[in-house]
Amino acid sequence: MLPTNSEPTKDITTKCLSKSDHALVAWRESNESPLHGECWTSSKWRASVRRGLLGWFKKESRDLPWRSDSTPYRVWVSEIMLQQTQVATVVEYYHRFMDSFPTIHALAEASEQEVLAHWEGLGYYRRARSLHAAARVIVEQHDAKFPCSYEEVIALPGIGRYTAGAILSISQGQRLPILEGNTQRVFSRWIGMRGPVTDRAATKLLWKFAEAMLPTRNPGNFNQAAMEIGALLCRPTEPDCKGCPVASSCEANRLGLQGEIPGKVKKVVYEDRREFAFVIKEKPSDSTIDSSRYLVRLLPEGVRWAGLWDFPRTTEQSYESALKAGHGLSAELGFMIVPGEKLASLRHAVTRFRIDLQIHESDYRPFPGDSWRVPKPWKFATVTELDNLPMSVSGRKIVDRIRKQESNS
DNA sequence: AAGTCGGGGAG
DNA sequence: CTCCCAGACTT
């Protein structure tokens with residue numbers, strides 16, 4: 001078979017090669033599989049790695065709230081919170097959440113707004129909505145008991161292969177593998193797999209490896225240990241190979257490729273954006289209330305921050321000025337926004353977007369001929385009421401800004 | 001296979 | 001700044 005790659009590796013001068021390129025070239029020239037060494041086909045090797053890992057974990061494992069009492073529900077909540085989120089960030093949220101919703105039944109009984117309020121600041125809010133929806137499914141279909149078959153568990157919203165395996169192995173001792181950020185890196189290094197972990201073939205191999213490594217006794221302990229060593233020793237940069245109990249079996253360590261494994265994933269292309277948010281105070285003539293109220297809405301399904309409350313804000317389109325942004329937003333709102341003085345600007349990030357948010361005071365008026373009333377998803381709320389609505393972090397900062405302004409006047 | 005979804009920790 | 005985090009889900 002002829003090589004389809006038109007760029008011959010050997011024509012690249014050595015000068016131009018980075019360290020990782022050298023590693024890549026090395027395996028190309030040696031005609032070795034980029035995916036793995038052969039070490040892990042040996043049961044002695046696997047036993048040795050397990051022994052080292054589990055011995056280390058017994059001494060060094062962190063004392064985490066979901067470890068002392070590992071019921072399926074408690075582990076489930078922890079796993080959802082931990083998706084794409086560091087342990088240190090989760091712990092406080094976890095305590096607060098479990099205090100408010102100590103059982104599946106309590107979670108199912110709560111409103112989605114109440115659940116989202118407990119999630120405020122954690123991000124990826126769909127996790128909270130899926131968790132809540134799944135609790136209701138469990139109450140209705142599983143008699144409020146967390147299901148124990150893999151098929152039933154993975155069918156629940158917000159639970160994929162990783163999370164199903166984690167919950168059932170940790171809380172029930174079921175022999176199911178896991179693969180996530182930590183273990184992708186740890187396993188890649190153990191078996192000397194070059195190349196990005198996101199490649200299809202790499203992912204398949206790593207799952208296979210994760211399964212092959214699982215001990216019969218206490219597989220959940222192994223899964224947690226593998227993640228823990230990734231978080232504490234086998235870090236993305238500067239792994240502590242000297243303190244590592246698996247170093248003597250580790251292919252990356254043997255080859256000196258800790259820095260090149262796993263291969264780099266395609267880097268994120270950031271995009272700068274300017275958005276506008278408007279603080280619209282209710283006109284005194286609209287009602288006889290004594291404290292000011294501000295216009296917000298519950299964000300609908302399918303948009304950013306669905307299920308949270310927000311001020312009128314431009315998102316999709318980019319506008320040059322507050323005036324144009326207000327005009328553009330008017331059509332969506334069903335009334336006219338008349339931008340006023342700028343209150344503040346703040347920078348924040350949403351996934352790959354770097355957002356420069358301009359916050360303007362604003363007046364409003366109905367379109368000519370319309371009589372004024374607040375369209376359906378919108379409502380006026382006092383600062384005290386806003387405090388109790390779930391919002392994004394940037395939305396919350398707007399509330400804080402309003403509060404400060406109110407206390408000054 | 002690639003995009004989307006948040007926010008913070010840490011180098 | 002950057003990368004990464006006990007991923008799931010949609011297109």
Side-chain angles (χ1 to χ4, degrees), chain A residues 61-62 64 66-67 70 75-94 116 119-131 133-134 153-167 169-171 176-187 196-203 207 210 220 222-232 234-239 262 264-272 299 301-308 310 315-316 346-355 390-397:
Chain A
S61 66
R62 290 170 290 185
L64 301 173
W66 47 89
R67 284 188 178 155
S70 305
V75 174
W76 173 34
V77 172
S78 77
E79 290 301 337
I80 301 301
M81 284 191 173
L82 286 163
Q83 287 171 4
Q84 297 294 286
T85 311
Q86 298 188 147
V87 167
T89 307
V90 163
V91 171
E92 198 182 324
Y93 281 89
Y94 185 79
L116 280 169
W119 213 269
E120 186 177 303
L122 255 190
Y124 288 116
Y125 297 95
R126 186 163 64 173
R127 295 182 293 174
R129 305 177 71 205
S130 298
L131 182 68
V153 172
I154 204 169
L156 295 168
I159 298 184
R161 185 174 179 186
Y162 162 77
T163 305
I167 297 170
S169 67
I170 294 169
S171 71
L176 293 164
I178 55 110
L179 187 67
E180 40 63 76
N182 286 303
T183 43
Q184 282 174 341
R185 180 177 60 254
V186 171
F187 295 167
V197 292
T198 48
D199 283 359
R200 220 177 164 64
T203 302
W207 274 108
F222 173 85
N223 286 340
Q224 292 189 81
M227 293 189 279
E228 191 88 333
I229 207 168
L232 300 183
C234 200
R235 299 173 294 248
T237 59
E238 295 177 33
K264 298 304 164 218
V265 186
K266 196 179 71 176
K267 77 170 182 179
V268 184
V269 181
Y270 293 102
E271 190 179 324
D272 288 316
L299 291 166
E301 202 68 38
V303 306
R304 185 211 300 175
W305 294 320
L308 303 184
D310 197 21
T315 52
E316 296 307 311
L346 60 93
R347 292 189 62 80
H348 68 112
V350 177
T351 62
R352 67 184 186 85
F353 299 103
R354 309 301 187 70
I355 299 164
M391 288 188 169
S392 67
V393 167
S394 66
R396 184 61 59 206
K397 283 178 179 169

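Every value quoted in this text rests on a predicted model; they were computed, and no experiment measured them. Each chain gets a letter, A, B and so on, in the order its sequence line appears, and its residues count up from 1.
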State which of C:dA6, B:dG7, C:dG7 makes the closest approach to the side chain of A:W66.
C:dA6
Between B:dG7 atom C1' and A:K397 atom NZ, what is the distance in whole Å?
9 Å
Which one, C:dC3, B:dG7, B:dG3, comes nearest to the side chain of A:K266?
B:dG3
Among C:dC5, C:dA6, B:dG11, the nucleotide that comes nearest once only the side chain of A:E180 is considered:
C:dA6
Could you tell me whether the phosphate oxygens of C:dA6, OP1 or OP2, come under 4.0 Å of any side-chain nitrogen or oxygen in A:R62?
no
Candidates C:dT10, C:dA6, B:dG6 - which lies nearest the side chain of A:R126:
C:dT10
A:R161 vs C:dA8: side-chain N/O to OP1/OP2 distance below 4.0 Å:
no
Can you tell me if A:R304 touches the phosphate of B:dT4, counting only side-chain N or O atoms and a distance under 4.0 Å to OP1 or OP2?
no
For the side chain of A:V87, starting at C-beta, report the closest nucleotide among C:dA6, B:dG6, C:dT2.
C:dA6
What nucleotide, of C:dC5, C:dA6, B:dG6, holds the atom closest to the side chain of A:Y125?
B:dG6
Which of C:dG7, B:dG6, C:dC5 is nearest the side chain of A:R185? It is C:dC5
Does OP1 or OP2 of C:dA6 have a side-chain N or O of A:S78 closer than 4.0 Å?
no
Nearest to the side chain of A:Y162, which nucleotide is it out of B:dG6, C:dA8, B:dT4?
C:dA8
Tell me which of A:I170 and A:Y270 sits closer to the 5' end of DNA chain C, going by the nucleotide each one is nearest to.
A:Y270
Closest-nucleotide ordering on DNA chain C, the 5'-leading residue of A:R347 and A:Q86:
A:R347
Considering only heavy atoms and no angle criterion, is a donor-acceptor pair shorter than 3.5 Å present between the side chain of A:T85 and the base of B:dG8?
no
Ignoring the backbone of A:T89, work out which of B:dG3, B:dG6, B:dG9 is nearest its side chain.
B:dG9
